[in-house]
Amino acid sequence: LKKEIWENFEKIEDFSQLENFRIKYLGKKGKITSFLKLLKELPLEEKKYLGKELNELKDLLEEKLKEKEREILFREEDKDLGLDLTLPGRSPFIGTLHPLTQVIDELCEIFSRLGFEIVTGPEIETEYYNFTALNIPEWHPARDMQATFYLKNGALLRTHTSPMQIRAMLERKPPLRIVAPGKVYRCDADIRHSPMFHQIEGLMVDKDVSFSDLKGILTYFAREIFGEKTKVRFRPSYFPFTEPSLEMDIECVICKGKGCKVCGEAGWLEILGAGMVHPEVFKAVNYDTELWQGFAFGLGIERIAMIKYGIDDIRMFFENHLFFLQSFK
Ligand code: FA5
């Protein structure tokens, strides 16, 4: 319903369309009004939840309709009166940075302060960079962990930003510290998964880097982006390119760990995978494993934005509704 409403809303151009729209959704027999009437018959929990959603939608819609009415009025006046230099000026429509761009910028800023260099690389990758050099040979079941879009010529859409670890290490000599933001692709989609999403890869290689440095940096970043009191949780995990490996969860800011729609009732949201660089990965780039150690991490940007702004459906980021984008001024 929301989608239909906002799509039709964008189409309104004059007063009669505005009135028809109002009748269709907010009138006595309008869709929202009838839904509100139906609430009586629902069980208490659903009534509470849907009631809140519907009323919020109704309020927002009423406000937006008022704005639209003014906009049309101004336009009609222009037509009637021609140019009137004595009218007060109207402020121009100012765009905003996409919420995901804002999160990426903020993350890059935090990691630059820690001495990480920002690098980018191709979204179309070879199997070598995306899998093989990361210690995932062809027969390895881990290839199935990430449902891959293959292209006709044997190339693929990168399933994670981790190939940037290999590219960065081949282009540089250690010690190094890089972060690599960008788009990645996997064939899965629901309210928490999207076939295209964003990650930031992080990699630090030096002579004396430990697992506790990794945990320290990750905790620091989480507190910078979500606030001092943010609760984080580390769980042991498995990635072929790191050993040992971990995953980090953030306590859901919406329900404070109780469980809600944003976190899929879990109370926590997984935002990243990380670990100590696997010796096989160092071998693939000819780094001396006796001399160098490192850690790497891969963050899911949408997850971070969902927690930060309390958004419960990942698809909102890609539907480009103006009312949604405008709320990130
Ligand atoms: C990886 O992609 C590893 N490359 C991360 C890594 C890097 C581990 C370096 C060790 C060292 P994973 O598949 O768990 O791991 O994805 C990482 C994060 O991306 C997840 O925590 C989640 O926040 C996000 N993510 C994964 N799949 C999706 C999806 N379909 N939609 C949105 N976000 C996703």
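Atoms within each ligand, like the ligands themselves, are counted from 1 in listed order. Position 1 is the first residue of the sequence; numbering continues from there.
Counting all heavy atoms, side chain and backbone alike, Ile314 lies closest to Ser194 at CD1-CB, 3.9 Å.
The contact set between ligand 1 and Leu272, taken as ligand atoms under 4.0 Å from a residue heavy atom, comprises 21 (O). Those atoms of ligand 1 with a heavy atom of Gln165 less than 4.0 angstrom away are 9 (C). When each atom of ligand 1 is checked for a heavy atom of Thr242 under 4.0 Å away, the hits are 10 (C), 11 (C).
Close N/O approach between Glu201 and ligand 1 is not found [any backbone or side-chain N/O within under 3.5 Å]. Between Arg186 and ligand 1, at least one N/O pair is under 3.5 Å apart.
Geometrically, Lys215 engages Phe234 in a cation-pi contact, judged by NZ or CZ lying under 6.0 Å from the ring centre and within 45° of the ring axis. Judged by the 6.0 Å distance and 45° axis criteria, Lys68 is positioned over the aromatic ring of Phe9. Cation-pi geometry between Arg167 and Tyr129 is satisfied (NZ or CZ under 6.0 Å from the ring centre, within 45° of the ring normal).
The pair Lys66-Glu63 does not count as a salt bridge, with every side-chain nitrogen at least 4.0 angstrom from each carboxylate oxygen. Comment: Arg22 does not engage Glu62 in a salt bridge, judged by the lack of any side-chain N to carboxylate O separation of less than 4.0 angstrom.
Contacts between Ile271 and ligand 1, counted as non-hydrogen atom pairs separated by less than 4.0 Å, involve the backbone only. Residue contacts with ligand 1, taken as heavy atom pairs separated by less than 4.0 Å, involve Ser162 solely via side-chain atoms from C-beta onward. At a heavy-atom distance under 4.0 Å, only side-chain atoms of Ile314, from C-beta outward, approach ligand 1. At a 4.0 Å heavy-atom cut-off, ligand 1 touches Phe297 through the backbone alone.
The shortest heavy-atom distance from Ser194 to ligand 1 is under 4.0 Å. In this structure, Phe295 falls outside the shell of residues with a heavy atom less than 4.0 angstrom from ligand 1.
Of the listed residues (Gly273, Gly300, Pro163, Gly275), the one carrying the non-hydrogen atom nearest atom 8 (C) of ligand 1 is Gly273. For the residues Glu302, Met164, Glu270, His160, the heavy atom positioned nearest atom 4 (N) of ligand 1 is part of His160.
Heavy atoms of other residues, nucleotides or ligands lying less than 6.0 angstrom from CG of Asp208 number 12 at most.
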Check residues 102-116 and write down every donor-acceptor pair under 3.5 Å in which the side-chain atom is one partner and the other belongs to a residue at least two apart or another chain.
from: Gln102; atom 1: NE2; to: Leu97; atom 2: O; distance (Å): 3.0
from: Gln102; atom 1: NE2; to: Phe328; atom 2: O; distance (Å): 2.9
from: Glu109; atom 1: OE1; to: Arg113; atom 2: NH2; distance (Å): 3.2
from: Ser112; atom 1: OG; to: Cys108; atom 2: O; distance (Å): 2.5
from: Arg113; atom 1: NH1; to: Tyr220; atom 2: OH; distance (Å): 3.3
from: Arg113; atom 1: NH1; to: Glu224; atom 2: OE1; distance (Å): 3.0

His198 vs Phe317, ring pair (Phe, Tyr, Trp, His ring centres under 6.0 Å): CA-CA, chis, key distance, verdict: CA-CA 11 Å; His198 298 75; Phe317 291 119; 9.0 Å; no
